[in-house]
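Since the structure comes first, as structure tokens, the remarks are kept for the end.
Residue numbers start at 1 and run along the sequence shown. We count ligands from 1, going down the list as the structure has it; atoms in each ligand are counted the same way. Side chains included, hydrogens not; waters and symmetry mates left out as well; all remaining heavy atoms used.
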Amino acid sequence: MDNQTSNFIKEIMIKDLESGKHKTIVTRFPPEPNGYLHIGHAKSIVLNFSLADDFNGSTNLRFDDTNPVKEDIEFVNSIKEDVKWLGYEWENLCFASNYFDEMYKRAVLLINKGLAYVDDLSADEIREYRGTLTEPGKESPFRNRTVEDNLELFERMRNGEFANGEKVLRAKIDMSSPNINLRDPVIYRISHSTHHNTGDKWCIYPMYTFAHPLEDAIEGVTHSICTIEFEDQRPFYNWVVEHCEMESTPQQIEFGRLNLTNTVTSKRKLKQLVEEGYVDGWDDPRMPTISGMRRRGFTPESIRSFIKETAVSKHNATVDFEMLEHFVREDLKLKAPRTMGVINPLKVVITNYPEGQIELLDAEINPENPEMGMRKIPFSREIYIEQDDFMENPPKKYFRLFPGNEVRLKHAYFIKCEEIVKDANGNVVELRCTYDPQTKSGTGFTGRKVKGTIHWVEATHAVPAEFRLYEPLILDDTEDENDEGKTFLDKVNPNSLEIHQGFVEPNMKESMPNDKFQFFRHGYFNVDPRLTTVEKLVFNRIVSLKSSFKI
Ligand code: ATP
Ligand code: MG
């Protein structure tokens, strides 16, 4: 049973349906379109969509676009694509900005009820007047303006008569509330900026904490699931729904954020990595964005299974990145064809193999999934092996190729290293080997045993390929910014990307962007959709084969 088969949020939903509080379940995923989605968002997506789905309810995709300066249509489009790719269909596509008229009306209602006022204090003064956890706040000298004055000033704010920051609209609640969020929070601010959706229609924008409950109520959301840092906002959330006289009453429920080791899960920081050139865009395969993970080769199934395995609780949790890797290996194990790729090639000439002869060897496409059938691998007098699979002066227990030693070529024959060819600088540039025709793979040869098996690619048909191998982008385990004045940028791994050239089997020529393979001994790879050209395939390593992680 995964952690979402039963969790505390689901329990609440069951009770609400049983008691008749709600007839159906409506949830929403409410990203702010100010960046690309990351693996943390996947948790919220999976939670919202799968919980509603469990009860035949529905889920809206809602853009929380109340902050025009940071938001952009590029982000709207990428978020839509990512949610779909993860495998979810939203009921309605909503924009908070579509409700600006409605929100304005509700703010006017609050003014009319004596529950909101226009304040002339500056942002700094408002902060100062707010008090602290131990001291009550102070009332603004503008707090007791008449309803008429407030209505007029608010309209003039809307009409653009004031500069940014000159005035705000505040809820009138309680300046000495033990909950600081209830000390007359700002609900509207002036921002003379163009909005990606409403253009220049508005120069005042609702604050997130005022807008969000209204959005939920307008859409008839029954359970508004958000992360734990909003717990202290819940009283204000309920205040807004009640005093704005919303017909439907959503319930805010908080859960703990998902963090991963060696991973940044904050849009602000991810944006910094992009803008300061640490990575090659939001979809760089090292990024924990959904688009980066897609390009790296993670599958939607693996991400969903991973998320479902993480606990739904009231506490933020940091999960080992290896757990995610475990799920992608599990998913690809039966799906990904096996093949051989030679990284950093070294030419081998098999001197006793007939010149001009090409032999087609048979191999299973995936021994763990025989239904995938068989493939043909050409073999001839010239092949490539990996430089790392040869040593001129090997240490003890080196079982790969060295002068005089014999190894098995996967799917083919035993070869023995007879001679080394070096260039003028003394670098090994070619090996001359002999093969034993009796040792052909699959013939049941039992004559001799060898300890090493290496992979190879036939040289005349080999397809050039680039291999991109990744290390974690962030070296430290945690996201803690505060140790010794360091920022997360100090923890960026300078060696997070290694690029190697090599060759793959000829049948790989037909592979398409985002096709996934398991390269013998190297792990799972994805055909990079951006860098692959007609001349050269580019492979991103998704994950290596081995992991210490046990689930
Ligand atoms: P960030 O700090 O990365 O910008 P955010 O919470 O500000 O994250 P939103 O666009 O507001 O980003 O997020 C949309 C939804 O995704 C919210 O409901 C938010 O709580 C949820 N979410 C964001 N990050 C995580 C995370 N690490 N774990 C679980 N849920 C998350
Ligand atoms: Mg945010």
Side-chain angles (χ1 to χ4, degrees), residues 3-4 7 9 27-52 59-67 69-72 74-76 78-80 82-83 86 88 90 94-97 196 207-209 211-213 215-216 219 221 223-234 237 250-275 282 287-293 303-304 306-319 321 323-324 474 478-479 481 488:
N3 280 308
Q4 294 196 2
N7 62 53
I9 304 178
T27 61
R28 86 289 172 260
F29 173 62
E32 183 181 357
N34 62 352
Y36 281 61
L37 297 182
H38 53 64
I39 185 71
H41 292 114
K43 173 129 189 177
S44 175
I45 294 171
V46 172
L47 255 183
N48 277 294
F49 280 91
S50 60
L51 278 169
T59 304
N60 293 343
L61 172 60
R62 180 207 308 145
F63 289 99
D64 220 320
D65 54 351
T66 53
N67 187 359
V69 187
K70 291 190 179 158
E71 295 157 4
D72 197 277
E74 174 198 349
F75 301 132
V76 169
S78 75
I79 289 169
K80 281 158 66 176
D82 289 350
V83 173
L86 279 172
Y88 297 105
W90 50 84
C94 307
F95 289 84
S97 54
H196 76 94
M207 300 301 287
Y208 177 84
T209 50
H212 203 85
E215 295 157 22
D216 286 339
E219 290 172 18
V221 166
H223 299 82
S224 174
I225 303 168
C226 65
T227 38
I228 197 77
E229 67 272 18
F230 290 100
E231 195 168 26
D232 291 344
Q233 288 287 352
R234 196 185 332 136
Y237 182 102
Q251 179 185 356
Q252 174 178 311
I253 305 170
E254 310 85 17
F255 71 98
R257 286 176 89 89
L258 170 68
N259 300 314
L260 271 83
T261 54
N262 301 86
T263 305
V264 167
T265 44
S266 147
K267 269 183 285 185
R268 181 179 60 77
K269 291 181 187 170
L270 293 173
K271 194 177 194 135
Q272 214 175 337
L273 291 171
V274 173
E275 286 174 355
W282 286 95
M287 290 282 271
T289 50
I290 303 300
S291 52
M293 293 174 67
I303 295 175
R304 290 199 305 260
F306 163 70
I307 296 288
K308 289 187 175 179
E309 193 65 30
T310 62
V312 181
S313 81
K314 282 278 184 188
H315 302 282
N316 294 340
T318 299
V319 174
F321 194 85
M323 181 166 149
L324 177 57
I474 303 294
T478 58
E479 241 199 89
E481 272 201 44
F488 81 104

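The residue from G40, P30, A42 that puts a heavy atom closest to atom 25 (C) of ligand 1 is G40.
Using a 4.0 Å cut-off to heavy atoms of L258, the atoms of ligand 1 that qualify are 26 (C), 27 (N), 28 (N), 29 (C). Those atoms of ligand 1 that come under 4.0 Å of a heavy atom in S44, given as number and element, are 15 (C), 16 (O), 18 (O), 21 (C), 30 (N). Interface of E32 with ligand 1, defined as ligand atoms under 4.0 Å from a residue heavy atom, comprises 9 (P), 10 (O). Contact atoms of ligand 1 toward S266: 3 (O) (distance under 4.0 Å to a heavy atom of the residue).
Residue H38 has at least one N or O atom closer than 3.5 Å to an N or O atom of ligand 1. Residue H41 has at least one nitrogen or oxygen atom sitting less than 3.5 Å from a nitrogen or oxygen atom of ligand 1, judged on distance alone. For ligand 1, the polar-atom distance check against R257 finds a nitrogen or oxygen pair separated by under 3.5 Å. Considering backbone and side-chain N/O atoms, R28 never comes within less than 3.5 Å of an N/O atom of ligand 1. At under 3.5 Å, not a single nitrogen or oxygen of N259, backbone or side chain, sits near a nitrogen or oxygen of ligand 1.
Of the heavy atoms in F29, only side-chain atoms (C-beta onward) come closer than 4.0 Å to ligand 1. Counting heavy atoms closer than 4.0 Å to ligand 1, residue R268 contributes nothing at all.
Electrostatic pairing of R28 and E219 does not count as a salt bridge here, judged by no charged N lying under 4.0 Å from a carboxylate O.
Distance check, rounded to the nearest 0.5 Å: NZ of K43 to OG1 of T310 gives 3.0 Å.
The shortest side-chain heavy-atom distance between L258 and S44 does not fall under the 4.5 Å cut-off.
With no hydrogens or angles considered, a side-chain donor-acceptor pair links S97 and D65 at under 3.5 Å.
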